[in-house]
There are 2 protein chains.
Amino acid sequence: MKYRGCQFVPETVSDIGELHLIKHIREIAGEPSAGVGIGDDAAVIDVGTETYLLATTDALADGVHFLTSQIPARSLGRKAIAVNLSDIAAMGGIPTSVLVSLALPASTPVEFVHELYRGMRHEADTHGATIVGGNITSTPGPIAITVTVLGSVSKSSLSLRTGAQIGDVLATTGTLGNAAAARLITERSRGWEERWGTFVSASQVPTPRLKAASALATVGIPHAMLDISDGLASEVRRIGEASGVGALLHSDSLPISEEVQQVSEELNLDPLDLALYGGEDYELLVALSRGSLHEAEALLAEEPLHVVGEVVPREVGFTLETDGKSTPLAAEGWTHF
Amino acid sequence: MKYRGCQFVPETVSDIGELHLIKHIREIAGEPSAGVGIGDDAAVIDVGTETYLLATTDALADGVHFLTSQIPARSLGRKAIAVNLSDIAAMGGIPTSVLVSLALPASTPVEFVHELYRGMRHEADTHGATIVGGNITSTPGPIAITVTVLGSVSKSSLSLRTGAQIGDVLATTGTLGNAAAARLITERSRGWEERWGTFVSASQVPTPRLKAASALATVGIPHAMLDISDGLASEVRRIGEASGVGALLHSDSLPISEEVQQVSEELNLDPLDLALYGGEDYELLVALSRGSLHEAEALLAEEPLHVVGEVVPREVGFTLETDGKSTPLAAEGWTHF
């Protein structure tokens, strides 16, 4: 509770923010016995076999995570599955089963639902997963798509975010800032379809890095791994805080595509901001020993790793090095409240 | 597509209804290889061990499934878990893990979220399940709670809705119509709190019949089993259509509590309508051989079974017998569009 002027107003979730709310919830929900609690990319469940069961859930709501006016229903379906597959990838796992919970306004066109499901089916099929169930409900609010993906990972391949070690390099797959650049160009530039239509379409559906993650995890390369859902800066902090270390990023090493640079120029933005704080890239962020870098690069010939920084002592904190000068890495990122 | 007046209007989900939409989705999503597809209470996943993995997901939205003004947050949390546990029960299984996806308006009081999670934790703990993960997102719409529950069932205990046989008796646990009576009294009667507060509180949180279901399933008694989420009439049809049979219900055998009778009198309703079409009871409906009835009753000494009807040939259809007269059972039930 807190006072606003003379009124006694209950504290709201936007007053305390997402991170505090999650902290409270973890305390109330308790720590699962498998030792990997709420907060990693996916929950890890010991079912008494040689593999752990993985389970992750993510929701996309119209007006918050997407705009039906700007993303085709089929791409949206693919995205809704892909962001969850990415969580399974980040644990070193393989996806198996998908559950879909849809909340639809009564006025939703049937063809939208069909296209959405075609996209979900396509994305699940592509990565060897099966849609096994779900439910549909009406809602007075916007369309919401909640997807749960189950997967499995051999106990020796499980990759958490807690194991980064001082001296490790930090590396990412793909390029960063694409999703943010695509979102901003559709919001801020008239006539973007003609110049940026192809780039936007390609950037709206992330590619879950299941093969790359699994290849690394199978040989035990990642000391820590997660997927970059909320921007590199946030995710580096997450690995650092979970592992009790700091991190140094090199701004001239961040993998930024030609398109992101051009969009940034057109919108008068710094492409570094998109790469660091943009969010929704769903690339992997891996902490690995410098000695295993060659092996990792050989394993991922088709999806090269980019070294973006290194793990440093906790006391150094989280910094960005640009032209030899270090500045503190802003704590920003995509938050929901 | 269809024409409304002179306008060309796309067909909406409310035009075709929930059942047709689910049929379309099943076609698009494809049939899972385990042979038990979308449509039973929970998905059945063969993970190569002696037990099947069960997975079910259900969403509750403010204004559709509950009103925050009428159910305490803690009860709502319990209910959100209980309705999913009930699906696991209906398969003959045991729940293990829970994932929670919350969509919250920014103005949601923090204390509401805490109470909600306390209720979810309580309900999960009570039935031996653990909250292992989830996610939170903001929404411009109403509060929505999507819960996924995982469970397991030994292959020999798996209870589907497809095995009802002609001559079987149909039996239910508990009493029917309580949830509907509680909902209607809060909507239609001023000052209900004083007279009906205790009944309403007790009826807002269903009791998942995990023990009863598991006791029956372990010895292979159910030919078909499901939980009554949308009213007995709907669920009898579901078992019948899945099993290729009809059903006859005896109206004087339906288990209706004293409170439901009193509420019905006060609201000038037929208590039979509440029992048959009310929904949200989450009691078990079991088809079992007449010969196994004694064994079943002995197993469930604390949660007695009530014989409510019998399985008849498909040609007879779905009928209700009252004072020796048969009338067709209405196809109604709780639908979402």
Side-chain angles (χ1 to χ4, degrees), chain A residues 10-16 18 21-22 24-25 28-30 32-33 38 42-43 45 47 49 53 55-59 61 63-65 96-97 99 101 103-104 106-111 113-114 117-118 120-121 130-142 144 146 148 150 336-337, chain B residues 10-16 18 21-22 24-25 28-30 32-33 38 42-43 45 49 53 55-59 61 63-65 96-97 99 101 103-104 106-111 113-114 117-118 120-121 130-142 144 146 148 150 152 336-337:
Chain A
E11 203 171 37
T12 69
V13 294
S14 69
D15 290 335
I16 69 165
E18 188 180 359
L21 192 62
I22 290 174
H24 293 183
I25 287 174
I28 296 171
S33 52
I38 296 175
I45 303 163
V47 288
T49 63
L53 174 64
T56 183
T57 185
D58 228 332
V64 181
H65 307 91
T96 53
S97 310
L99 292 129
S101 181
L104 301 173
S107 61
T108 309
V110 173
E111 187 54 22
V113 183
H114 289 184
Y117 257 89
R118 286 186 195 113
M120 292 196 288
R121 171 80 188 268
T130 309
I131 299 175
V132 295
N135 79 300
I136 305 176
T137 181
S138 65
T139 174
T146 307
T148 301
L150 307 180
H336 287 110
F337 296 105
Chain B
E11 202 171 38
T12 68
V13 293
S14 70
D15 291 335
I16 69 165
E18 187 181 359
L21 193 62
I22 290 174
H24 292 182
I25 287 174
I28 297 171
S33 51
I38 295 176
I45 303 162
T49 62
L53 174 64
T56 184
T57 186
D58 228 332
V64 182
H65 307 91
T96 54
S97 310
L99 291 127
S101 182
L104 301 173
S107 62
T108 309
V110 172
E111 186 56 20
V113 183
H114 289 184
Y117 256 89
R118 286 186 196 114
M120 292 197 288
R121 171 81 188 267
T130 308
I131 299 175
V132 295
N135 80 298
I136 305 176
T137 181
S138 66
T139 174
T146 307
T148 301
L150 308 179
S152 68
H336 287 112
F337 298 106

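Chain A is the first sequence line, chain B the second, and so forth, proteins listed ahead of strands; every chain is numbered from 1. Values in this document were obtained by computation on a predicted structure and should not be read as measured data.
A:Val113 touches chain B through its side chain: at least one heavy atom from C-beta onward sits under 4.5 Å away, while N, CA, C and O do not. Within the 4.5 angstrom heavy-atom criterion, no atom of B:Ala103 approaches chain A. For a residue to count as touching a neighbouring chain, one of its non-hydrogen atoms must lie under 4.5 Å from one of that chain's; by this rule A:Thr108 touches chain B with backbone and side chain alike. With a threshold of 4.5 angstrom between heavy atoms, B:Ile16 approaches chain A through side-chain atoms but not through N, CA, C or O.
Per-residue heavy-atom pair counts under 4.5 Å with chain B were compared for A:Val47, A:Asp58, A:Thr56, A:Thr49, and the maximum is reached by A:Asp58. In terms of non-hydrogen atom pairs under 4.5 Å with chain A, the most contact-rich of B:Ala144, B:Ala61, B:Ser152, B:Ala55 is B:Ala55.
The side-chain hydrogen bond (donor to acceptor under 3.5 Å, both in side chains) check on A:Ser101 picks up A:Asn135, with sequence neighbours excluded. Partners of B:Thr57 under the side-chain hydrogen bond (donor to acceptor under 3.5 Å, both in side chains) rule, at least two apart in sequence or in another chain, are B:Thr148.
In terms of heavy atoms, B:Thr12 sits closest to A:Ser107 at CG2-O, 3.4 Å. Nearest heavy-atom pair, A:Val13 versus B:Ala106, reported as atom, atom and distance to 0.1 Å: CG2-O, 3.4 Å. In terms of heavy atoms, A:Pro142 sits closest to B:Pro140 at CG-CG, 3.9 Å. Annotation for A:Ser97 and B:Ile45: closest pair OG-CD1, 3.4 Å, computed over non-hydrogen atoms. Between B:Ile28 and A:Arg121, the closest heavy-atom pair is O-NH1, 2.7 Å.
The line from CD1 of B:Ile136 to CD of A:Glu18 is 6.5 Å long, rounded to the nearest 0.5 Å.
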Item to complete: Would you sort out whether B:Leu104 and A:Leu21 count as a side-chain contact (heavy atoms from CB on, under 4.5 Å), showing the intermediate values?
Response: CA-CA 11 Å; B:Leu104 301 173; A:Leu21 192 62; 4.0 Å; yes
